[in-house]
Colleague: 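Please see the structure below; I have some questions.
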Amino acid sequence: MKTFFNVEDLGNLNDALAEAKEIKNNRFGYQELGKNKTLLMIFFNNSLRTRLSTQKAAMNLGVNVIVLDVNAGAWKLETERGVIMDGDKSEHLLEAIPVMGSYCDIIGIRSFAGLSDRDYDYAETIVNQFVKYSGRPVFAMETSTVHPLQAFADLFTIEEYKQTTRPKVVLSWAPHCKSLPQAVPNSFAQWMNAADVDFVITHPEGYELDPKFAGNAKIEYNQKKAFDNADFIYAKNWSCPGVTNPADYGKIINSDPSWTVDTEHMSWTNNGYFMHCLPVRRGLIVTDDVIESDHSLVIPEAANREISAEVVIKRMLESL
Ligand SMILES: CCC[C@H](NC(C)=O)C(=O)O
Ligand SMILES: NC(=O)OP(=O)(O)O
């Protein structure tokens with residue numbers, strides 16, 4: 001596996017979920033694979049779960065880990081070609097990338113969407129240069145448009161907790177005070193569409209996800225109807241994806257607090273579980289009672305990030 005950005009990169013999804021279950025019970029069983037191998041984790045943005053779980057996963061596999069926070073210690077990087085570098089950027093990405101690639105065997109990268117230029121973000125301009133110029137396998141640790149390690153862990157968690165063969169899973173928008181990327185909902189939708197679940201997306205008008213990710217999912221603009229009889233509620237904020245109105249890309253076009261998930265919302269479900277990728281802003285996305293309830297899965301969901309990362313790194317090691 002040379003890149004991990006989309007669900008299809010794992011091949012058969014049921015096989016990948018079975019491998020995750022096996023690794024969860026035997027996470028130290030493959031340490032020979034990582035002997036004398038190095039993972040370079042590159043962060044252009046903050047992280048808690050991804051930073052810790054991916055390092056842990058690599059260490060489980062016997063892999064050496066280097067973590068680089070590009071904006072804290074490295075040279076400020078120019079990402080555009082054809083510019084005269086007489087500003088505050090000392091190094092160009094096109095030198096930095098192959099240099100970084102020379103120190104490692106596998107690269108993980110986090111580079112969030114800028115949320116100002118939709119074409120630039122949705123072309124994955126930054127990350128695709130790492131794929132092209134590093135000479136190494138590259139996996140996403142949340143890029144402009146995807147967060148597959150999160151979605152893999154989310155689906156694995158649903159498989160662990162589902163009470164029926166084909167559960168109803170609802171991706172619900174919720175309000176936020178900042179413009180957030182679409183990467184998490186994009187990947188969640190992509191992976192749910194590939195899984196054996198009854199998938200519904202609910203959000204105010206104008207927040208339609210890119211069709212590349214929303215696929216054939218049912219879109220329900222009435223949140224209460226969407227929650228009806230749901231088994232899993234996956235709450236997340238995202239800024240306007242610019243699908244219905246490109247001029248609104250990256251903007252907050254709705255702040256309606258009635259979309260905040262509270263106990264009444266959860267009463268509409270089939271005694272459903274609450275999920276969120278974290279970090280979460282209580283009082284905006286979800287109330288304290290819901291996220292602290294015995295049907296909140298946010299902690300086991302975060303713990304499963306170690307497992308999704310270990311499957312991906314293991315597969316990349318096996319293909320070196
Ligand atoms: C895992 C989530 C990362 C990011 N969240 C924030 C707060 O920037 C997002 O919404 O994409
Ligand atoms: N869910 C997730 O990726 O969390 P971090 O942004 O803290 O890594």
Side-chain angles (χ1 to χ4, degrees), residues 4-5 39 41-58 65 67-72 108-116 118 121-122 124 126-127 139-158 171-191 201 203 207 209-210 213 234-242 249-252 254-255 259-261 274-286 291 296-313:
F4 177 65
F5 293 99
L39 166 65
M41 297 170 61
I42 303 166
F43 290 91
F44 285 82
N45 308 89
N46 294 339
S47 170
L48 174 79
R49 279 144 293 273
T50 305
R51 180 186 301 269
L52 299 181
S53 61
T54 309
Q55 283 188 79
K56 178 67 167 61
V65 180
V67 181
L68 175 66
D69 286 293
V70 172
N71 299 316
I109 180 164
R110 167 164 285 196
S111 178
F112 285 175
L115 296 177
S116 55
R118 189 182 200 279
D121 287 343
Y122 274 72
E124 290 287 6
I126 296 287
V127 169
F139 63 85
M141 299 194 296
E142 187 174 342
T143 64
S144 292
T145 63
V146 292
H147 195 359
L149 286 174
Q150 183 65 53
F152 187 9
D154 296 333
L155 179 57
F156 182 55
T157 305
I158 290 168
L171 168 61
S172 176
W173 180 91
H176 201 281
C177 54
K178 290 175 62 183
S179 280
L180 298 185
Q182 296 99 41
V184 169
N186 283 348
S187 286
F188 188 78
Q190 184 187 75
W191 287 63
I201 306 175
H203 55 66
Y207 279 100
L209 294 174
D210 191 295
F213 298 106
Y234 192 89
K236 184 70 180 77
N237 171 268
W238 62 90
S239 58
C240 176
Y249 176 65
K251 293 180 181 174
I252 297 172
N254 189 306
S255 300
W259 284 80
T260 300
V261 180
F274 176 82
M275 297 178 72
H276 188 283
C277 62
L278 305 181
V280 72
R281 289 192 183 226
R282 291 174 175 220
L284 290 176
I285 305 295
V286 63
I291 198 166
S296 172
L297 298 180
V298 298
I299 304 306
E301 180 186 354
N304 279 335
R305 288 291 308 277
E306 176 184 344
I307 306 308
S308 63
E310 187 165 343
V311 173
V312 169
I313 297 167

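Ligands are counted one by one from 1 in listed order, and the atoms in each one are counted from 1 as well. Note that the numbering runs from 1 along the sequence shown for the chain.
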Colleague: Regarding ligand 1, does Lys236 bring an N or O atom to under 3.5 Å of one of the ligand's N or O atoms?
Modeller: yes

Colleague: Does some side-chain heavy atom of Val146 sit less than 4.5 Å from a side-chain heavy atom of Glu124?
Modeller: yes

Colleague: Is the closest side-chain heavy-atom distance between Asn186 and Leu209 below 4.5 Å?
Modeller: yes

Colleague: Do the ring centers of Phe112 and Phe44 come within less than 6.0 Å of each other?
Modeller: no

Colleague: State whether Arg118 and Asp210 are salt-bridged, where the test is any N-O pair (Lys NZ or Arg NE/NH1/NH2 against Asp/Glu carboxylate O) under 4.0 Å.
Modeller: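 Salt bridge present between Arg118 and Asp210.
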
Colleague: Could you tell me whether the side chain of Ser239 reaches within less than 4.5 Å of the side chain of Leu180, counting heavy atoms only?
Modeller: no

Colleague: Under 3.5 Å between some N or O of ligand 2 and some N or O of Leu48?
Modeller: yes

Colleague: Hey, is Leu278 touching ligand 1 through its side chain, its backbone, both or neither, going by heavy atoms under 4.0 Å?
Modeller: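 Under 4.0 Å from ligand 1, Leu278 contributes backbone atoms alone.
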
Colleague: Counting non-hydrogen protein atoms only, what is the nearest one to atom 2 (C) of ligand 2? Give residue, atom name and distance.
Modeller: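 In this structure, atom 2 (C) of ligand 2 has Arg305 NH1, 3.3 Å as its nearest protein heavy atom.
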
Colleague: Could you tell me, atom by atom, which parts of ligand 2 come under 4.0 Å of a heavy atom of Ser47?
Modeller: 5 (P), 7 (O), 8 (O)

Colleague: If the cut-off is 4.0 Å to any non-hydrogen atom of Cys277, which atoms of ligand 2 fall inside it?
Modeller: 1 (N)

Colleague: Does Ala183 have a heavy atom less than 4.0 Å from any atom of ligand 1?
Modeller: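 Distance cut 4.0 Å: Ala183 fails for ligand 1.
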
Colleague: With heavy atoms only and a cut-off of under 4.0 Å, state how Glu301 meets ligand 2: side chain, backbone, both or neither.
Modeller: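 It is neither; nothing of Glu301 touches ligand 2.
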
Colleague: Tell me whether the count of non-hydrogen atoms from other residues, nucleotides or ligands lying under 6.0 Å of CG in Asn254 goes above 12.
Modeller: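 It does: Asn254 CG has more than 12 such atoms within range.
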
Colleague: Which protein non-hydrogen atom lies closest to atom 6 (C) of ligand 1, naming both residue and atom, and how far is it?
Modeller: Leu180 CD2, 3.8 Å

Colleague: Of Arg49, Arg51, Arg110, which has the heavy atom at the shortest distance from atom 6 (O) of ligand 2?
Modeller: Arg110

Colleague: Compute the minimum heavy-atom distance from Gln150 to ligand 2 and say whether it is under 4.0 Å.
Modeller: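 Yes; Gln150 lies near enough to ligand 2 that a heavy-atom distance drops under 4.0 Å.
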
Colleague: Check His147 against ligand 2 and report side chain, backbone, both or neither, counting heavy atoms closer than 4.0 Å.
Modeller: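 Answer for His147: side chain.
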
Colleague: Applying a 4.0 Å heavy-atom criterion (strictly less than), which segment of Glu142 is in contact with ligand 1: side chain, backbone, both, or neither?
Modeller: side chain

Colleague: Considering only heavy atoms from C-beta outward, does the side chain of Met275 approach that of Thr157 to under 4.5 Å?
Modeller: yes

Colleague: Please tell me if the side chains of Tyr234 and Glu301 come closer than 4.5 Å, counting only heavy atoms from C-beta onward.
Modeller: yes

Colleague: Taking heavy atoms and a distance under 4.0 Å, where does Lys178 meet ligand 1: side chain, backbone, both or neither?
Modeller: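 Neither part.
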
Colleague: Does Arg51 count as lying over the ring of Phe43, i.e. NZ or CZ under 6.0 Å from the six-ring centre, within 45 degrees of the axis?
Modeller: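 Yes, cation above the ring, under 6.0 Å and within 45°.
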
Colleague: Is Arg110 reaching over with its side chain to a backbone N or O of Ala140, donor-acceptor style, under 3.5 angstrom?
Modeller: no

Colleague: For Leu278, which part has a heavy atom under 4.0 Å from ligand 2: side chain, backbone, both, or neither?
Modeller: backbone

